[in-house]
Protein chains: 2
Amino acid sequence: MTITQLQYVLAVAEHKNFTLAAEKSFVTQPTLSMQVQKLEDELDVLIFDRSKKPITITEVGKKIVDQAKNIVAEAERIKDIVDQDKGYIGGDYTLGIIPTVMPTLLPMFLNAFIKKYPKVNLIIKEQSTKTMIKNVMDGHLDAGIAATPLEIEFIKERPLYYEPFVGYVPKNHRLASEELLSTDHLDVSDILLLQDGHCFREGVINLCKASQNLRGEHFKIESGSFETLVSLADEGMGMTLLPYLNTLHLEENKKINLKSFQKPTPAREISLIYHKSELKIQITDALREVISSIVRGAIAFQDVKIISPLGKN
Amino acid sequence: MTITQLQYVLAVAEHKNFTLAAEKSFVTQPTLSMQVQKLEDELDVLIFDRSKKPITITEVGKKIVDQAKNIVAEAERIKDIVDQDKGYIGGDYTLGIIPTVMPTLLPMFLNAFIKKYPKVNLIIKEQSTKTMIKNVMDGHLDAGIAATPLEIEFIKERPLYYEPFVGYVPKNHRLASEELLSTDHLDVSDILLLQDGHCFREGVINLCKASQNLRGEHFKIESGSFETLVSLADEGMGMTLLPYLNTLHLEENKKINLKSFQKPTPAREISLIYHKSELKIQITDALREVISSIVRGAIAFQDVKIISPLGKN
DNA sequence: TTGTAGCTGGGTAATAGTCATTCAAGTATA
DNA sequence: TATACTTGAATGACTATTACCCAGCTACAA
């Protein structure tokens, strides 16, 4: 049994296809086939059922694949140990970011990070919290930036910052005269929401639920960008809520429509999430340090109340 | 990096000697040297400092060795998974037993076990609890039978049976007239003890301590076997304590000197101990099942009070 | 000096890899 | 229903690599 064989097995398990798995492993299909077979011979079990299409994994196979994941991850860790010892921070690092954070946060820290750690090859992927969790679990992402708390087994959360919710209330709205917003004012049927799948949407809904103002779910209009929501609000379609960082880039004539909440300000917790096994932890720590230090300047810490990003499902 | 290379590194780390490590790994010394070097080259660190004699492990080396142990153990587990799936119970299994249990317990279960699981190659080693713990930790023993509770991190304890202490009180002893012994009667200066290193000795001392009858530590005579202790007692050198199973094989004319304790009977807990990683767990479970079922017939469960086997150190 | 212990060099056998081909199963076409 | 067509894994022949052995060298301590 070799680590290579285990890696091949993992590739096949992932892609359910020998040819594709071979490509991803940068070898030819016969090579990969042979090695998988050799492992199966050595253990004297069938890991894959090749008679079905697409191929399936046998019962033992599943256990073996799980264990193989362990072993391969632990083996990778050795390189980590050496890197850490040398104080070397470099190599590929894949980071997921949720859509509502991406456009505001990324420009803030990206430059500083690649300047400070030029040997790290950052690969950034925008994706939903759900996909991100899956990818962190199976190692396709080294870390992710998402709204927390998620409290998922095998995943660690390290808060980066707390981002207050800010109301965007156009002139003619019933709340336009209020000085500060209160969650009691909110009515979910009146708030323009992001599309399904965005966790900020869930956050807003949870916020409204908290004040029991949920009057049936006849949300009228939904969009994928805050820009659209603001425009719709200006058109008199209702109010909307924005994460604080998204309010910084608004045009001056729109900023006057912004309203803060009374304290404790409802806020979302944005965290770096990564697998408990702490692979590439030195890069993760470096990243956390850079982001925290930068955001510290942008958001004054105050009396906040964290709103959960989780939906009913 | 291959699993073989890691195994070689572990062998060198253990024996602090390339030649010996090579022998134990069933390869020649140059072969092993080369593979270790290759790994060092790949990781670009020195794992061993060959300039010192005996060779030492570098700082990074220690971390690498620890991680290598993980990886190799996890890799072995794969075979375990397969065996478990097939319901196959076989292969080498190394078991440690403490000296005071060995001669009585081993003959009771050995035959039954090898008959029931003929494919398991049992390798039994008599050793002190201290050595046993070390060996279970580093994988040289698959399990051990010892007096518990030990409560050691990374080691699991599964009790097999509770073995009462029985007094051996010769005719002219001050306690000879008592019907049942009480811990209050005991005086450690009057009790013949096993040599240092036996955990049963510690158990007896703890038992006496419990009744605060420790009048200074002027133990006169110490021996390595219960047989000697009994003979010495017959010679009027004092009384002694035996584990229940050791009383079964006494000659009839000596059995009349045996005295039980009042309930709750002081007893030692004998457990199967093994590493938390649960390697070869199916064999361990099989062993536990066989021993428990056999001992159940020999020792009637009663109202017992467990005496700790641990000394001051 | 001798013994101990690791490294080096040359040769061999095992094996991980390649390419080209074959085989099996499903799918479309006549 | 038979026929070709496509997809995806297995097989065979060959090559490159490498893990291994043996013999000998070197460094060092007793």
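Here is how names work: the chains are called A, B, and so on, in the same order as the sequence lines, proteins then strands, and each is numbered from 1. In this text, all values refer to a predicted model and were calculated from it rather than measured experimentally.
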*Which whole-number value in Å describes the distance from Gln37(A) CD to dT15(C) P?*
15 Å
*Measure from CG on Asp49(A) to C1' on dG8(D) and round the result to the nearest Å.*
14 Å
*List in chain and number order the residues that pass salt bridge (Lys or Arg N to Asp or Glu O under 4.0 Å) with Glu59(B), two or more places apart in sequence or in another chain; answer none if no residue qualifies.*
Lys62(B)
_Dot-bracket, 5' to 3', for DNA chain C please: Watson-Crick or G-U pairs under 3.5 Å, [ ] where pairs cross earlier ones, | where the partner sits on another strand, dots elsewhere._
||||||||||||||||||||||||||||||
*Counting only side-chain N and O atoms of Thr19(B), is one of them less than 4.0 Å from OP1 or OP2 of dG6(C)?*
yes
*Atom pair distance, as rounded to whole Å: CG in Asp41(A) and P in dA16(C)*: 12 Å
*How are the rings of Phe200(B) and Phe226(B) set relative to one another: parallel (under 30°), tilted (30 to 60°) or perpendicular (over 60°)?*
perpendicular
_Rounded to whole Å, how long is the line connecting atom CD1 of Ile55(A) with atom P of dA24(C)?_
18 Å
*From the options dA9(D), dG6(C), dT8(C), select the nucleotide whose nearest atom is closest to the side chain of Phe18(A).*
dA9(D)
*Could you run down nucleotides 13-30 of chain D 5' to 3' and tag each one B, S or - for protein heavy-atom contact under 4.0 Å?*
-----SSSBBB-------
*asked:* I'd like to know if Asp80(A) pairs up with Arg77(A) as an ion pair, taking the criterion as any Lys NZ or Arg NE/NH1/NH2 lying under 4.0 Å from an Asp or Glu carboxylate oxygen.
replied: no
_Below 30° counts as parallel, above 60° as perpendicular, anything between as tilted: where do the rings of Phe18(A) and Phe48(A) land?_
perpendicular
*Plane angle bin for Tyr117(B) and Phe113(B) - parallel if under 30°, tilted between 30 and 60°, otherwise perpendicular*: tilted
Side chains of residues 89-99 of chain B: which donor-acceptor partners sit under 3.5 Å, not counting sequence neighbours?
{"from": "Asp92(B)", "atom 1": "OD1", "to": "Asn121(B)", "atom 2": "ND2", "distance (Å)": "2.9"}
{"from": "Tyr93(B)", "atom 1": "OH", "to": "Thr284(B)", "atom 2": "OG1", "distance (Å)": "2.7"}

*Would you list the pairs meeting salt bridge (Lys or Arg N to Asp or Glu O under 4.0 Å) in which at least one residue belongs to residues 33-46 of chain A, sequence neighbours left out?*
Glu40(A)-Arg50(A), Asp44(A)-Lys86(B)
*Distance check: side-chain N/O of Arg50(A) vs OP1/OP2 of dG8(D), anything under 4.0 Å?*
no
*Decide whether Gln35(B) and Gln5(B) meet the rule of one side-chain donor and one side-chain acceptor closer than 3.5 Å.*
yes
*Which whole-number value in Å describes the distance from Glu23(B) CD to dT4(C) P?*
13 Å
List the atom pairs, donor and acceptor, that lie under 3.5 Å between side-chain atoms in residues 22-34 of chain A and the rest of the protein, sequence neighbours left out.
{"from": "Ser25(A)", "atom 1": "OG", "to": "Ala21(A)", "atom 2": "O", "distance (Å)": "2.8"}
{"from": "Thr28(A)", "atom 1": "OG1", "to": "Thr31(A)", "atom 2": "OG1", "distance (Å)": "2.9"}
{"from": "Gln29(A)", "atom 1": "NE2", "to": "Ser33(A)", "atom 2": "OG", "distance (Å)": "3.1"}
{"from": "Ser33(A)", "atom 1": "OG", "to": "Gln29(A)", "atom 2": "O", "distance (Å)": "3.4"}

